[in-house]
Asks: 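I am attaching a structure below and will ask some questions about it afterwards.
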Amino acid sequence: MDQLSIYLPGILLAYSIFLVGVASPGPNILAIIGTSMSVDRKSGVSLALGVAVGSLTWGVLAASGLSALLAKYASALMFIKVAGGVYLLWLAYKSFKSAASAYDLEVKKLGQKYRSPLRYALSGYTVQMTNPKAALAWIATISLGLQPGSPIWVSAAIVLGIFVLSTVIHTLYAIAFSTSFMVAAYSRARRYIQATLGVFFAVAGLKLLTDRS
């Protein structure tokens, strides 16, 4: 229980950063939305599952790499936090810029109709694994949750928890955006959503940059 009380706040903060990040559409989510709108719900869900597995892959790579680095060089956490904090502030800037702009969702469709669900899943995996922002996002997320000397179960809790969240949320994107109502509703609320995300990213980024623990 003592260990749980020590590491749980960091784990929950990592989950929060992921949830906020996934609310801001990137290449992966725009592909899911575009496929659900242009092809069908089943194809969008398959694509979403591929993206979730790609997220798991990045998570395992980031967690294992950072854990190994921190085990050897505990002071490296400071540099990792600086990199993660700068990235989160950049996301805050992008969110505020999006909130100030007039554009709507610029979605894209991956592939054509009659492709198999497996091929859509592979496409989703490829989109996620070729997205460098996914790696940066995971570094920022892991650095928020880890502390020097963190046991392996902390990394596992972050990665597996976010994999579950990724699977659920990306699938919900595919289901929701297969309806015209949701597309219209998001377009109306987009500026408010992006402004809120900008505030959250800015606060989290500053927390990383000022945290010396």
Side-chain angles (χ1 to χ4, degrees), residues 14-59 88 90-138 140-141 160-201:
Y15 291 168
S16 298
I17 287 294
F18 171 79
L19 289 172
V20 173
V22 82
S24 180
N28 52 348
I29 293 175
L30 293 177
I32 292 170
I33 293 173
T35 300
S36 295
M37 290 169 53
S38 305
V39 184
D40 56 31
R41 180 177 297 178
K42 181 179 180 180
S43 299
V45 170
S46 298
L47 193 70
L49 294 177
V51 168
V53 175
S55 182
L56 173 64
T57 304
W58 276 122
L88 289 173
W90 180 79
L91 289 181
Y93 163 75
K94 295 286 288 184
S95 295
F96 288 133
K97 183 179 179 181
S98 175
S101 69
Y103 81 92
D104 286 324
L105 285 173
E106 297 176 0
V107 299
K108 63 179 180 178
K109 177 179 66 174
L110 289 188
Q112 301 175 355
K113 291 184 179 181
Y114 312 121
R115 295 178 67 188
S116 69
L118 178 59
R119 289 189 64 186
Y120 272 106
L122 291 174
S123 294
Y125 184 81
T126 301
V127 166
Q128 187 72 343
M129 292 306 298
T130 55
N131 180 14
K133 294 179 182 178
L136 293 173
W138 265 105
T141 301
L160 294 178
I162 290 180
F163 171 61
V164 173
L165 291 173
S166 178
T167 301
V168 172
I169 295 172
H170 285 105
T171 300
L172 289 176
Y173 264 114
I175 294 172
F177 281 90
S178 62
T179 65
S180 57
F181 170 79
M182 187 61 189
V183 176
Y186 183 86
S187 295
R188 288 193 297 270
R190 178 186 58 81
R191 287 185 168 182
Y192 302 102
I193 293 172
Q194 292 297 329
T196 302
L197 296 179
V199 172
F200 192 96
F201 283 134

Asks: Locate the shortest heavy-atom distance separating Ser166 from Ser55; write the atom from each residue and the value.
Replies: OG-CB, 3.8 Å
Asks: For the atom pair CG (Leu165) and CG (Leu160), what is the distance rounded to the nearest 0.5 Å?
Replies: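 These two atoms lie 11.0 Å from each other.
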Asks: Could you verify whether a donor N or O on one side chain and an acceptor N or O on the other, from Thr57 and Tyr125, lie under 3.5 Å apart?
Replies: yes
Asks: For the residue pair Arg41 and Ile175, establish whether any side-chain heavy-atom pair is separated by less than 4.5 Å.
Replies: yes
Asks: What are the two closest heavy atoms between His170 and Ala48, and how far apart are they?
Replies: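 It is O-CB, 3.3 Å.
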Asks: For the residue pair Phe177 and Tyr173, does the interplanar ring angle fall in the parallel (under 30°), tilted (30 to 60°) or perpendicular (over 60°) class?
Replies: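 Parallel: the ring planes of Phe177 and Tyr173 meet at under 30°.
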Asks: If you compare all heavy atoms of Ile32 against all heavy atoms of Gly44, which two are closest, and at what distance to 0.1 Å?
Replies: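 Minimum heavy-atom separation between Ile32 and Gly44: CG2-O, 3.9 Å.
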Asks: CG of Leu118 to CG of Leu49: how many Å apart, nearest 0.5 Å?
Replies: 11.0 Å
Asks: Is any side-chain heavy atom of Leu19 less than 4.5 Å from a side-chain heavy atom of Ile169?
Replies: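 Touching, per the 4.5 Å side-chain cut-off.
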Asks: How close do Gly54 and Met129 get, heavy atom to heavy atom, and via which atoms?
Replies: O-SD, 3.5 Å
Asks: Going from CG on Leu47 to OG1 on Thr171, what distance comes out if it is rounded to the nearest 0.5 angstrom?
Replies: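 Leu47 CG to Thr171 OG1: 10.5 Å, rounded to 0.5 Å.
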Asks: What's the shortest heavy-atom distance between Ser46 and Tyr120, and which atoms?
Replies: CB-CB, 3.8 Å
Asks: Taking all non-hydrogen atoms of both residues into account, name the closest pair between Phe96 and Val199 and its distance.
Replies: CZ-N, 3.5 Å
Asks: Any sub-3.5 Å donor-acceptor pair from Ser36's side-chain atoms to Ala174's backbone N or O?
Replies: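 Flag set: sc Ser36 to bb Ala174 pair under 3.5 Å.
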